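A short worksheet on the structure shown next.
Quick caveat, the model's predicted, so the values are computed rather than measured. Throughout, protein chains are lettered first and strands after them, A, B, ... in sequence-line order, and every chain is numbered starting at 1.
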Amino acid sequence: MSAAPLKGVVEGAAALRAGRTSALAEAERALERLERTRGALNAVLAVDRAGALERARALDARRARGEALGELAGVPFALKANMCLSGVEANCASRVLAGYAPPYTATFVQRLLDAGANPIAIANMDEFAMGSSGENSAYGTTKNPWDVARTPGGSSSGSAALVAAGVVPFALGSDTGGSVRQPAALTNLAGYKPTYGRISRYGLIAFASSLDQVSPFARSVADVELVTRVMSGHDERDTTSLPEPAFAAEPEPAALAGLRIGVPREYFPATLDAAVRARCEAALAELERGGARLVPVSLPHSEHAIATYYVVATAEASSNLARYDGVRYGPRRDGDGSLQSMYAATRAQGFGDEVKRRILLGTYVLSSGYYDAWYRRALKVRTLLLRDFERAFERCDIVAGPTSPTAAFKLGEKTDDPVAMYLSDVLTVPASLAGLPALSLPCGFLDAGSNRLPVGLQLIGPARADARVLALGRRYQQLSSFHTELSPLAREVAA
Amino acid sequence: MSATQSTTASAATAPDPARWKGWIPVIGLEVHCQLRTRTKLFCGCEYRFGAEPNTRTCAVCTAQPGALPVLNREALAYAIRAGLALGADIAPWSKFDRKNYFYCDLPKGYQISQFDRPFCTGGGITLESGHRIRLTRIHLEEDAGKAIHDRGAHTLVDLNRAGVPLIESVTEADVRSPEEAHEYLERLKEILLHAGVSDCDMEKGSLRVDVNVSIHRPGEGWRKRVELKNLNSFRNVAAAIEHEIARQIAIYESNDPSQQVVQETRLYDAQAGVTRSMRGKEEAHDYRYFPEPDLLPVQIDAAFLAEQREKLGESPTALRERYQRELGLSAYDAGVLTASPAVSRWFEECAKLCGSPKDAANWIQNEILRGLSNEQRPAAAIAELRVTPAGLAQLIGLVQKGTLNVPGGRQVLRAMLETGKDAAVLVRELGLEQVSDTGALEQWCREALVGKDKVIADVKAGKEKAIGALVGPVMKASKGAANPQVVTEILLRLVRELP
């Protein structure tokens, strides 16, 4: 069986509609690439081979009958393990949900299915999306296709690794505090977190409800944009989804003249890795040469973003994860026979350390006597962070800076220091708290021994300005070619 | 009818201080009412009491991971209507909060409720005595499922009820006696029934009452309060309060330091007539309320509010006044006939068709309501009757025309209730057409007069009423079929004709 090199999303769907390939061939090739990389990456928790082949055959039959095909016809993709596809195990990489197959399909997954996209696998992740390295999975760590001794980032570790290894043209992750943008930066992908509410959360297993957004990975910005557009638009099953229908793409600004790019000084701190700083500054210079004007701006409350995030997100998580009690689904541990002890045993054995740490933290900040000092105060700081952005956007059209303070770090490097791990998200968390659209895209490489490691640039737009952010991203990818470079593993698979 | 009994009972004002040896009770009520919406509060499941366990559930109300709540606008409308009916202020915006606790009947591990921004604040109910029970608030929340512990070794969980909309109304501690609690509950039920927002059926659990009781001496501050639960009828609410007051007095007056009133929840055991401790304050819950991030805050605009005001029917108080003013009913009759909207609708239709509200009121009270199988649920029971308002109106018409006498009418109505047949048909079948054939009647009357010289003398002396003593025997001779008025006339004529 040929593993044939990966096509992009836009390109692949066009090839299928033109009859140059079939959905079945694309699905089989993706499954083959998946098997070839499985051992090296540990990026997959479940493969829906039968479902994928069946959907592919049905699609080919429709094409043979001359029926109109959707925008993503025949494009294989992977879901993160916190996403619901009816009957396919979605265990959130947790023991507490081992064997859990949802009885329904998420709205965003359904929209992709309706457009002809073909889910083939469920990707590994940090348990319940809590982590920045993929090391918190109950089912083993995912490796970075650029260097298997390093992290692909997290929490959407498996989704990023599958796209970066050339297994699938796109994959879905969920971004709560950077869980798509940071792995995108660490694996040379475009990762896009839309405006909060742009994509329905119905069927996304919640970590922190006021922050979670479904976010796609692909190699090009055009690809993540197409996938985002297909999934976007109001959903009556999620009242926090934006009321408007799917957004329309904007043409990329051919000349960047007049575009003001805000560069927040807080996003270039002294602790920033020097090579990361250099690559991002070079990218900004490139945009400046293209006609954009760089405007220094300030987001003064950024230093409080991580603390605020870990109060808000853990508070919501402590409540969202209360349902994993062994009563209705997941493995149950009986304890001494009492209800209380069943809860205690089920949760003690079901959750990993990081999840427990966050449940405890979240429970604490909501507790009587501590609520005002922690949770209420965090909500106030969240408002201040939002105001920071609003003020900055009075002076610029888009904010740009690095996505991650470092390139991919070594597996095991930060597992003993949760706070160091939390700081990986220092540059992504502010846009999450403010609910803003934010794109990470490749902007170069740094040398780490014998390997090159990717660096990501982050573009943040005002609320609802998804089309603007993506159009600028596309423009940058016309000016640069970093995103076309394949990871060593992807080259190996394609060979 | 119970509503009127309680009205009479609570005509008394503030309780006599001697009643509880000088102790003053302080009582507050928390009432949960299921709203009679078609679907649950946050999903599309249709709830039905008594359905097969776990058949009225979906991804949302069984808390499948990833499922999200969507507010049912009908439930919101009903909550607002309840608030308007109780004179509450409706908040221009409101929000939902999560109340976090673990129990096997609570699928999400939290209940979506309202903490600091309920839909309604204020309002209240003025009792017959003029004493007002103020409401603190009314909020909207979802019900939990049911844990069933008495079917073998395992606890069984039924999530049919999980997510059913409830309004919780909380009073200020304005209730001063068990009787006031009883009257308040009757009035609350009546108001919510007329507003059309709830069945208020305690037997089906669609109305649940929790009570807070403390007692204190005049002039001193409030003491520890005890919460009473497991109260399955208004009578039990009153009885439990009475018992709890006595229990607290006994403890305070025992001067035994080993006996204390502690802040706790106690369950009422109706059979034993006692309350038992459920959990102490040491296990008091910290519910960790915080704003529900899955639902947007709710704006109540003027148009929505106006629509709910319009849809709110006549209040029971307004109905009672109208029945007295326009239909000439007594306060008592008006009270009985407005206890439930089903009864008042039934009455109004019958009164219109028979043309005599008074007659309709009498027949309904004496014959229909008295015979209902379930006095607790006149609304349900009257709808299930085999007699319609039109059917009763026809019967009343037959009595008005003299075709039937009143006892005959009662007999026909009983047969109507049993068979569902028309009054006219039953009158023929039962042979109850009144005998007005003067030939037969005259013969019976002559026989009745034999040997009744005293009566004859009295009538001749002008005491016509004395003739009443002879009507009975004639009626008996006719087996009840005679028209008593005609009999009276014949008897009087015969006496006058006597020498």
(message) What I'd like to find out is whether the side chain of B:R288 reaches to under 4.5 Å of the side chain of A:Y371, using heavy atoms alone.
(response) no
(message) Please classify the contact between A:S200 and chain B as side chain, backbone, both or neither, with a heavy-atom cut-off of under 4.5 Å.
(response) neither
(request) Check each atom of B:N100 against the heavy atoms of chain A and say whether the ones under 4.5 Å are side chain, backbone, both or neither. (result) side chain
(request) For each of A:L379, A:L321, A:D325, A:N320, tally heavy-atom pairs with chain B at distances under 4.5 Å, and name the one with the top tally. (result) A:N320
(request) Give a yes or no on whether A:R377 atom CZ has more than 12 heavy-atom contacts from other residues, nucleotides or ligands under 6.0 Å away. (result) no
(request) Select all residues of residues 60-73 of chain B having any heavy atom within less than 4.5 Å of some heavy atom of chain A, and report them by number, or 'none'. (result) B:V60, B:T62, B:A63, B:Q64, B:P65, B:G66, B:A67, B:L68, B:P69, B:V70
(request) Starting at CZ of B:F102, measure out to CE of A:M342 and round the result to the nearest 0.5 Å. (result) 10.5 Å
(message) Tell me which of these, B:T155, B:V157, B:L159, B:L296, has more heavy-atom pairs under 4.5 Å with chain A than the rest.
(response) B:L296
(request) Could you tell me which portion of A:L204 (side chain, backbone, both or neither) has an atom closer than 4.5 angstrom to a non-hydrogen atom of chain B? (result) backbone
(request) Check each atom of A:A315 against the heavy atoms of chain B and say whether the ones under 4.5 Å are side chain, backbone, both or neither. (result) backbone
(request) Determine whether more than 12 heavy atoms belonging to other residues, nucleotides or ligands lie under 6.0 Å from atom CZ of B:R225. (result) no
(message) Within a 6.0 Å radius of atom NE2 on B:H149, are there more than 12 heavy atoms belonging to other residues, nucleotides or ligands?
(response) yes
(request) Check the surroundings of atom CD in A:E236: do more than 12 heavy atoms from other residues, nucleotides or ligands lie under 6.0 Å from it? (result) no
(request) Name the region of B:Y110, side chain, backbone, both or neither, that has any atom closer than 4.5 Å to a heavy atom of chain A. (result) side chain
(message) Below 4.5 Å, heavy-atom pairs only: which of A:S210, A:P103, A:C84, A:A206 has the largest tally toward chain B?
(response) A:P103
(message) Among B:A59, B:G109, B:C104, B:C58, which residue has the highest count of heavy-atom pairs closer than 4.5 Å to chain A?
(response) B:C104
(request) Would you indicate whether A:R323, at its atom CZ, is surrounded by more than 12 heavy atoms from other residues, nucleotides or ligands within a distance under 6.0 Å? (result) yes
(request) Show the numbers, then the answer: is there a side chain to side chain contact (heavy atoms under 4.5 Å, CB included) between A:S209 and B:R98? (result) CA-CA 13 Å; A:S209 311; B:R98 291 187 184 177; 3.8 Å; yes
(request) Report the option among A:L97, A:T239, A:L211 that has the most heavy-atom pairs separated by less than 4.5 Å from atoms of chain B. (result) A:T239
(message) Is A:Y202 in contact with chain B via its backbone, its side chain, both, or neither, using a 4.5 Å heavy-atom distance?
(response) both
(request) Look at the side chain of B:D286 and the backbone N and O of A:S368, then say whether any donor-acceptor pair between them is shorter than 3.5 Å. (result) yes
(request) Anything in residues 38-57 of chain B with a heavy-atom distance to chain A below 4.5 Å? Please list those residues in order. (result) none
(message) Is A:N82 in contact with chain B via its backbone, its side chain, both, or neither, using a 4.5 Å heavy-atom distance?
(response) neither
(message) Tell me if the CH2 atom of B:W93 is crowded by more than 12 foreign heavy atoms within 6.0 Å.
(response) yes
(message) Taking side chain as everything from C-beta outward and backbone as N, CA, C, O, which of these in A:R328 sits under 4.5 Å from a heavy atom of chain B? Side chain, backbone, both or neither.
(response) side chain
(request) State, to 0.1 Å, how close B:P293 and A:R201 come at their nearest heavy-atom pair, and which atoms those are. (result) O-NH2, 4.0 Å
(request) Under 4.5 Å heavy-atom distance to chain B, tell me which part of A:Y324 shows up: side chain, backbone, both or neither. (result) side chain
(message) Can you tell me which portion of B:Y101 sits under 4.5 Å from chain A's heavy atoms? Options are side chain, backbone, both or neither.
(response) neither
(request) Starting at OH of A:Y375, measure out to OH of B:Y289 and round the result to the nearest 0.5 Å. (result) 15.0 Å
(request) Working to the nearest 0.5 Å, report the span between CG of B:D294 and CG of A:D238. (result) 7.5 Å
